[in-house]
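Values in this document were obtained by computation on a predicted structure and should not be read as measured data.
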Amino acid sequence: MEPEVTTGELELEERHSLRRVAGLSTELTDITEVEYRQLRLERVVLVGVWTGGSIADAENSLTELAALAETAGSEVLEGLIQRRSQPDAATFIGRGKVDELRDVVIATGADTVICDGELSPSQLRKLEEQVKVKVVDRTALILDIFAQHAKSKEGKAQVELAQLQYLLPRLRGWGESLSRQGGGAGGSGGGVGTRGPGETKIETDRRRINTRISKLKREIKALRTVRQTKRAKRTNSGVPAVAIAGYTNAGKSSLLNRLTSAGVLVEDALFATLDPTTRRTAAEDGRVFTLSDTVGFVRHLPHHIVEAFRSTLEEVAYSDLIVHVVDGAHPDPEGQVSAVREVLGEVGADRIPELLVVNKMDAADEETILRLKRAWPDAVFVSARSGLGIEALHAAIAARLPRPAVDLRVLLPYDRGDLVARIHRTGQVLETRHTEQGTELRVRVGDQLAAELENFLAP
């Protein structure tokens with residue numbers, strides 16, 4: 001018998017078969033006259049500015065940038081780090097480093113430079129003028145990855161909104177034709193009604209982008225209402241919600257598959273899954289709860305992404321427990337935890353109870369494991385790939401689930417099996433005894449179900 005193929009495996013196969021090397025997806029189908037550059041991230045040189053912390057922190061950040069570039073379909077040729085008290089206002093890396101960067105670009109044959117930071121429009125333009133190749137910053141790179149991996153209608157709308165908000169202030173200088181004017185007495189034959197100073201192309205494009213942004217915000221608001229309705233139904237049913245959050249590529253989707261057999265896509269790449277997946281599962285005592293996989297986080301996650309994905313990230317804020325997954329084999333797991341908690345604070349999820357789960361224990365070295373166990377004594381150490389520690393994780397989640405508050409002893413007729421099933425699904429059954437009149441139960445349930453059981457209280 002052949003093994004069953006999951007939807008995640010099919011999606012992964014499709015993604016690899018259609019792997020593209022095209023870059024920033026900012027070309028709009030309804031803005032036909034704008035001269036947008038299609039960035040082809042093929043052979044790239046990375047450059048970062050080390051402003052604080054240790055050299056190891058700077059190297060880890062550049063290593064992560066390399067992983068982002070490879071996820072976008074690039075070949076990383078070289079990486080440079082510049083030590084400065086702060087990024088240069090004109091060129092980000094300073095005049096001397098620009099000359100060195102230009103030499104490296106020529107020597108390696110690179111066609112793109114990726115900067116480890118968010119560049120202002122003037123920095124982007126100035127650096128390109130001097131290096132003579134395309135320049136992309138960290139934010140544009142992450143937005144490109146999101147554009148490749150978004151699948152749902154909501155995810156695509158959120159990514160497009162973030163891209164347009166990033167692009168809007170950078171229209172100036174992205175093509176000299178953007179400053180041309182339409183119309184005018186000496187124009188190119190615009191005809192009656194078109195003569196005069198006219199509207200510059202950049203003004204036209206900015207207006208069209210603003211119109212598109214407004215439309216996307218309305219669409220996302222409507223989709224947010226649908227998400228809130230679904231969330232309200234889960235809340236009213238009394239089923240606890242557990243959100244799996246963590247750094248990108250920490251193994252969140254693998255853990256969801258291991259805990260629930262969800263079959264979602266798993267890939268050794270950054271931001272492999274963006275669309276949240278929710279599955280029902282049950283604790284050993286029978287209590288049902290939901291597990292939701294969420295979008296991964298990263299250091300310096302662009303604020304455009306946080307704002308655009310706020311409705312998705314709010315799934316974490318409305319959960320009863322956050323399973324915070326950490327990559328135990330990463331060079332800086334403590335830095336990952338800090339970055340994730342920073343984003344959780346931005347969406348109001350920092351007050352939700354947290355269960356720290358250190359994943360990839362089969363790939364971590366012994367010294368790192370001992371250090372993390374000392375730093376996080378309450379954490380659960382697992383391997384989603386091998387199944388190591390999964391039973392302990394099940395028990396830890398069950399122990400932290402909110403428990404129903406009302407203790408009752410009820411006698412339910414045998415024709416009310418629906419109530420018995422609801423008690424098992426949303427509450428706790430402490431004792432069970434079968435009598436001639438029906439099933440006698442000692443239960444612990446929530447307030448809403450307790451009110452429905454008042455007519456069945458045992459004498």
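- Within a 6.0 Å sphere centred on CD of E391, heavy atoms belonging to other residues, nucleotides or ligands number 12 at most.
- For the atom pair CG (D103) and CD (E100), the distance works out to 7.5 Å, reported to the nearest 0.5 Å.
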Determine, stepwise, if the pair V47 / Q82 fulfils side chain to side chain contact (heavy atoms under 4.5 Å, CB included).
CA-CA 8 Å; V47 60; Q82 168 73 328; 5.5 Å; no
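- H324 pairs with exactly one of L356, V357, V316 by the side-chain contact (heavy atoms from CB on, under 4.5 Å) rule, that one being L356.
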Go through it in stages, so that I can follow the logic: the residues are D137 and Y166, the test is side chain to side chain contact (heavy atoms under 4.5 Å, CB included), and I'd like the CA-CA distance, side-chain angles, deciding distance and then a yes or no.
CA-CA 11 Å; D137 63 12; Y166 170 82; 2.8 Å; yes
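- A distance of 10.5 Å separates CG in L127 from OG in S120, rounded to the nearest 0.5 Å.
- Rounded to the nearest 0.5 Å, atoms CD1 (I220) and OG1 (T225) are 12.0 Å apart.
- The existence of a salt bridge linking K153 and E219 is excluded, since no basic side-chain nitrogen approaches an acidic carboxylate oxygen closer than 4.0 Å.
- Between the side chains of S54 and D57, at least one donor N or O lies within less than 3.5 Å of an accepting N or O.
- Screening V325, L321, I322 for a side-chain contact (heavy atoms from CB on, under 4.5 Å) involving I244 leaves a single residue, V325.
- For D144 (side chain) and A140 (main-chain N/O), no donor-acceptor pair under 3.5 Å exists by modelled atom type.
- A heavy-atom distance below 4.5 Å is found between the side chains of S214 and R218.
- Here CD of Q123 is found 7.5 Å from OG1 of T91. Values are rounded to the nearest 0.5 Å.
- Contact detail for V131 and R102: the closest heavy-atom pair is O-NH1, 2.6 Å.
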Using the side chain to side chain contact (heavy atoms under 4.5 Å, CB included) rule, take I390 and H394 through it: C-alpha gap first, then chi angles, then the decisive distance, then the call.
CA-CA 6 Å; I390 296 299; H394 267 293; 3.9 Å; yes
Test V133 against T112 for side chain to side chain contact (heavy atoms under 4.5 Å, CB included), laying out the working first.
CA-CA 6 Å; V133 294; T112 305; over 6 Å; no
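- At a threshold of 4.5 Å between non-hydrogen side-chain atoms, the residues I114 and L65 count as touching.
- Remark: the Q336 side chain and the D332 side chain contain no N/O donor-acceptor pair separated by less than 3.5 Å.
- Counting only heavy atoms from C-beta outward, the side chains of F92 and V135 never approach each other to under 4.5 Å.
- Looking only at side-chain heavy atoms (C-beta outward), L372 and F381 come within less than 4.5 Å of each other.
- The CZ atom of F289 sits 5.0 Å away from atom OG1 of T281, with the distance rounded to the nearest 0.5 Å.
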How far apart are the C-alpha atoms of K360 and D327, what are their side-chain angles, what is the distance that settles it, and do they pass the salt bridge (charged side-chain N to carboxylate O under 4.0 Å, His left out) test?
CA-CA 6 Å; K360 303 187 181 180; D327 182 356; 3.4 Å; yes
List the steps, then state whether salt bridge (charged side-chain N to carboxylate O under 4.0 Å, His left out) holds for E334 with R371.
CA-CA 11 Å; E334 293 91 347; R371 187 185 83 244; 3.0 Å; yes
Stepwise side-chain hydrogen bond (donor to acceptor under 3.5 Å, both in side chains) test for S61 and D116:
CA-CA 8 Å; S61 183; D116 192 12; 2.5 Å; yes
